[in-house]
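Before I ask anything, let me first share the structure, which is written out below as structure tokens.
Naming: A, B, ... by sequence-line order, numbering from 1 per chain.
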2 protein chains.
Amino acid sequence: MTKIEDQRATAARPLPLNRILAGDCIQIMNSLPPESVDLIFADPPYNLQLRGDLHRPDNSRVDAVDDDWDQFSGFAAYDSFTRDWLAAARRILKPHGAIWVIGSYHNIFRVGAELQNQGFWIMNDVIWRKSNPMPNFRGKRLTNAHETMIWASRSEASRYTFNYEALKSLNEGIQMRSDWVLPICNGGERLKDANGDKAHPTQKPEALLHRVLVGTTNPGDVVLDPFFGTGTTGAVAKMLGRDFIGIEREAAYREVAQKRLDRIRRFDADAIATTRAKRAEPRVPFGQVIERGMLRPGEQLYSIGSRHKAKVRADGSLIGNDVKGSIHQVGAALEGAPSCNGWTYWHFRREGKMIPIDILRQQIRAEMQGEVTRPN
Amino acid sequence: MTKIEDQRATAARPLPLNRILAGDCIQIMNSLPPESVDLIFADPPYNLQLRGDLHRPDNSRVDAVDDDWDQFSGFAAYDSFTRDWLAAARRILKPHGAIWVIGSYHNIFRVGAELQNQGFWIMNDVIWRKSNPMPNFRGKRLTNAHETMIWASRSEASRYTFNYEALKSLNEGIQMRSDWVLPICNGGERLKDANGDKAHPTQKPEALLHRVLVGTTNPGDVVLDPFFGTGTTGAVAKMLGRDFIGIEREAAYREVAQKRLDRIRRFDADAIATTRAKRAEPRVPFGQVIERGMLRPGEQLYSIGSRHKAKVRADGSLIGNDVKGSIHQVGAALEGAPSCNGWTYWHFRREGKMIPIDILRQQIRAEMQGEVTRPN
DNA sequence: CCAGTTTATGAATCTTCCA
DNA sequence: CTGGAAGATTCATAAACTG
């Protein structure tokens, strides 16, 4: 068979739409016709490489991601894997297609660099800020409260799909930013196996895929997910009237995903309504007043009538009369009260006047106007 | 000169503290003694196309970036530059030192991958979420509303500095997360040149450095910034009682930075002090509680809710339910837990009330005031 | 049935000292 | 260097449970 005949044959072969394909994603992508897919959403293994067990302070054990599919011998092996699946993905993307990849600091730098090396063109990196992340139990690092997504077109010349107005509308009329605050997937949305355990260790929330697909695909587009898992990409694609192709190696995941997809119904064309975000007053920690230079470490604060004094420290705590702690704790201690609202209790002096520190909080909140607050 | 002599010479040479060094950061870092710096904060050039002054092997200018070969050459040059300055930075870091690098999607993936390649160990990637970013005027992408910082220690084995309690305090008692909401630098903080234009295109806010330095250095530490610009790192370091070394090639930036630094005053010592971690308190063996007569041999201890009991022995061990050992060992055994903090687990009875034995440790520590405790 | 309390759990590169 | 012991450490949410 000549090369041309082969290409015609694969081009003529219809795409296996709205199905879950079983097997290795690189092989399967290589078997699909080139330039046939509008968007790829990929959630590849993160290469976490966890060592021992981790326990919460209450001694319960954290159920870690220790699955075989996340084991690599090192960066070289992970890079080689990344190179291969990205190349396969690029081949099947239409010239004006785009890709999303999600990851954490363990793998995202390697993925991002390889995307650039292969000629993909990054439009944005998008931060999924988790409203309810797992804390850092040992207090040895910052709470790992986000994951990173890279949105890139096939090449710099691609005229990629971007539904600016739809995203703006999703965001109450304000231009959508590169940081998205969404809760992690749990509760009723989280799929369980027969034992009641989570069916997949890293199921993504549908809200994330909703925003990706509304923003960067059109109805009727073909969306491929090479690491389909329990099928969040397929579920949201089906709801939104996009066609999907899922690829998944593990039979257990495919089974859960298929059941899930069978239950999904496509939204009515005009019923793609989204749950509206409620505006809550954002919480402002007192430390931000210090960091922003509105008060300086060492500055004195006074209670009403100057009966009590305290000094501001660089970490946003106060020290007054040998008592250290938050603005609320120190106020309560000095008053002998069970509690105290430090924001209204403490004042600073400016040009001979006593000004409540709550003024500073209001200034910070005013600066935050126009921000996107968390949905729900 | 032999190698040993050379090493002695550089080791003996005093560090040029609290000065701005003029020149190429790679050359200057290579002239500093090895393992001499506690923290590096780096804000390297971001843009791959507009900067012709990077370390480019061919010294040619990239005209069009739509050419695949040209694009790779651009990345290769940037990677080479990144490799060189990171290696120079790593050499001068103390074994337990750490580095922060800030960047955007244009360069951060390449920097992150190279950090990992050189053996740096990433603790967190941190998102600076801008509360007032510039909107995307053409509506072709999402508002680029954040930058990414990588925090990494020199190696996996490094016992890096992390002031957990101070950062928690800055956040009003809640563990600090990996996403930091801070405004961009403008208003009075933004430095202007003689024409009233901004003195530096990417001046970072002092609030950002405040959080970095409070969280990951101690007073007296040496902080080096190889891309000093207008000196935000030095300014905040000086305020917080840290020593700095700035490196900057452009005379105009050095001049603005030096004027800025001359105006800065250091905060009071007790304002710079931050909330200490418990681990830094002097260790008190439980036996001292017995020796000092605060508990008597034979006295009963109880877990919360009195589910478990144990009896104190004269040597400071416990015996409960046939288990003998330390307060920690017996607590862990009775709970079937891998470990247990006996200080907070066990309680004694006084006048009908249950009191945690940690109260007794605090009393002993208070009595030890004035004694010499370990530094920091 | 409602309100308040307790329990379970989530992509995690999660200790430090001393013998 | 390794091994053993001390001992420090959690936030948001939902479901289950109690009164």
Side-chain angles (χ1 to χ4, degrees), chain A residues 43-67 69-70 72 74-75 78 102-108 128 130-148 183-190 192 196-198 200-205 227 229 374 376, chain B residues 96 116 120-125 152-153 156-157 159-160 162 164-165 168 171 173-178 277-287 305 316-317 325-329 331-332 337-346 357-358 361 374:
Chain A
D43 183 10
Y46 286 11
N47 189 26
L48 288 188
Q49 306 290 328
L50 304 173
R51 306 270 204 281
D53 279 355
L54 178 66
H55 291 85
R56 298 184 182 79
D58 65 2
N59 275 320
S60 62
R61 200 179 76 89
V62 175
D63 184 15
V65 179
D66 52 2
D67 306 71
W69 49 255
D70 198 36
F72 295 86
F75 285 132
Y78 190 80
I102 184 167
S104 67
Y105 66 84
H106 308 85
N107 70 325
I108 199 67
W128 169 27
K130 302 179 184 184
S131 56
N132 50 348
M134 185 161 68
N136 184 288
F137 295 117
R138 313 309 287 264
K140 292 298 160 187
R141 301 178 173 200
L142 301 162
T143 309
N144 201 347
H146 73 274
E147 292 186 28
T148 300
I184 61 176
C185 179
N186 54 16
E189 189 184 323
R190 189 77 193 227
K192 303 287 165 58
D197 300 322
K198 54 190 177 191
H200 191 282
T202 70
Q203 185 183 342
K204 296 292 174 289
F227 308 98
R374 67 184 64 177
N376 299 326
Chain B
H96 300 303
Q116 292 177 314
F120 287 95
W121 191 248
I122 299 179
M123 264 82 74
N124 284 109
D125 59 336
S153 63
E156 186 181 357
R159 293 194 307 278
Y160 54 91
F162 181 54
Y164 175 76
E165 291 292 343
K168 191 171 171 179
N171 199 32
I174 294 168
Q175 190 172 89
M176 186 69 82
R177 300 167 40 118
S178 58
K278 281 225 181 93
R279 179 77 72 178
E281 301 281 341
R283 201 175 80 85
V284 175
F286 179 67
S317 66
S326 72
I327 53 173
H328 317 293
Q329 289 169 330
S339 70
C340 171
N341 184 345
W343 289 107
T344 52
Y345 182 79
W346 292 111
I357 60 174
D358 201 43
R361 180 168 65 163
R374 72 183 69 174

Query - Polar side-chain atom of D67(A) near backbone of W69(A) as donor-acceptor pair, under 3.5 Å - result: no
Query raised in the report: Run the salt bridge (charged side-chain N to carboxylate O under 4.0 Å, His left out) check on K130(A) and E147(A) step by step: do they pass?
Result: CA-CA 8 Å; K130(A) 302 179 184 184; E147(A) 292 186 28; 2.8 Å; yes
Query - Exam field: side chain Q49(A) to backbone H106(A), donor-acceptor pair closer than 3.5 Å - result: no
Requested in this report: Can you check whether any acceptor in the base of dA12(C) is under 3.5 Å from a donor in the side chain of K140(A), or vice versa?
Outcome: no
Query raised in the report: If we take the C1' atom in both dC1(C) and dA16(D), what is their distance in whole Å?
Result: 16 Å
Query - Sequence-distant partners of Y46(A), ring-ring contact (aromatic ring centres under 6.0 Å, His included), two or more places apart - result: none
Query raised in the report: When we call it a touch if two heavy atoms are under 4.0 Å apart, what does D43(A) touch: a base, just sugar-phosphate, or nothing?
Result: base
Query raised in the report: Just checking R190(A): base, sugar-phosphate only, or nothing, at a heavy-atom cut-off of under 4.0 Å?
Result: sugar-phosphate
Report task. Indicate, with a heavy-atom threshold strictly under 4.0 Å, whether S104(A) touches base, sugar-phosphate, or nothing. Result -> nothing
Query raised in the report: In terms of the angle between their ring planes, are F72(A) and Y78(A) parallel, tilted or perpendicular, with boundaries placed at 30° and 60°?
Result: perpendicular
**Report entry** N/O donor-acceptor pair under 3.5 Å between N186(A) side chain and R190(A) backbone
**Finding:** no
Query raised in the report: Looking just at side-chain N and O atoms, do S326(B) and H328(B) make a donor-acceptor pair shorter than 3.5 Å?
Result: no
Report summary line: Among the nucleotides dT15(C), dT13(C), dA11(C), whichever has the atom closest to the side chain of W121(B) is dT13(C)
Report summary line: Its glycosidic angle compared against 90° from 0, dT9(D) adopts the form anti
Requested in this report: May I ask you to say what P44(A) touches in the nucleic acid, namely base, sugar-phosphate or nothing, with a heavy-atom cut-off under 4.0 Å?
Outcome: base
Query raised in the report: Between atom CG in L50(A) and atom C1' in dA11(C), what is the gap in whole Å?
Result: 8 Å
Requested in this report: For dG10(C), take OP1 and OP2 only and decide whether either is under 4.0 Å from a side-chain N or O of N144(A).
Outcome: no
Query raised in the report: Do N107(A) side-chain atoms and S104(A) backbone N/O form a donor-acceptor pair below 3.5 Å?
Result: yes
Requested in this report: Output yes when a side-chain donor or acceptor of N47(A) lies under 3.5 Å from a complementary backbone atom of F75(A), and no otherwise.
Outcome: no
Query raised in the report: Under 4.0 Å between a side-chain N/O of K198(A) and OP1 or OP2 of dA11(C), yes or no?
Result: no
**Report entry** Contact letters for nucleotides 5-10 of chain D, in which S counts primed atoms plus P, OP1 and OP2 and B counts the base, heavy atoms under 4.0 Å
**Finding:** SSBBBB
Report summary line: Applying the Watson-Crick and G-U criteria (both distances under 3.5 angstrom) with [ ] for crossing and | for other-strand pairs, one obtains for DNA chain D .|||||....|||||||||
Report summary line: Of N47(A) and N132(A), the one whose closest nucleotide on DNA chain C sits nearer the 5' end is N132(A)
Query - Listed nucleotide nearest any side-chain atom of D63(A), set dG10(C), dA11(C), dA12(C) - result: dG10(C)
Query raised in the report: Relative to the 5' end of DNA chain C, which residue comes earlier, Y105(A) or P133(A), by the nucleotide with the nearest heavy atom?
Result: P133(A)
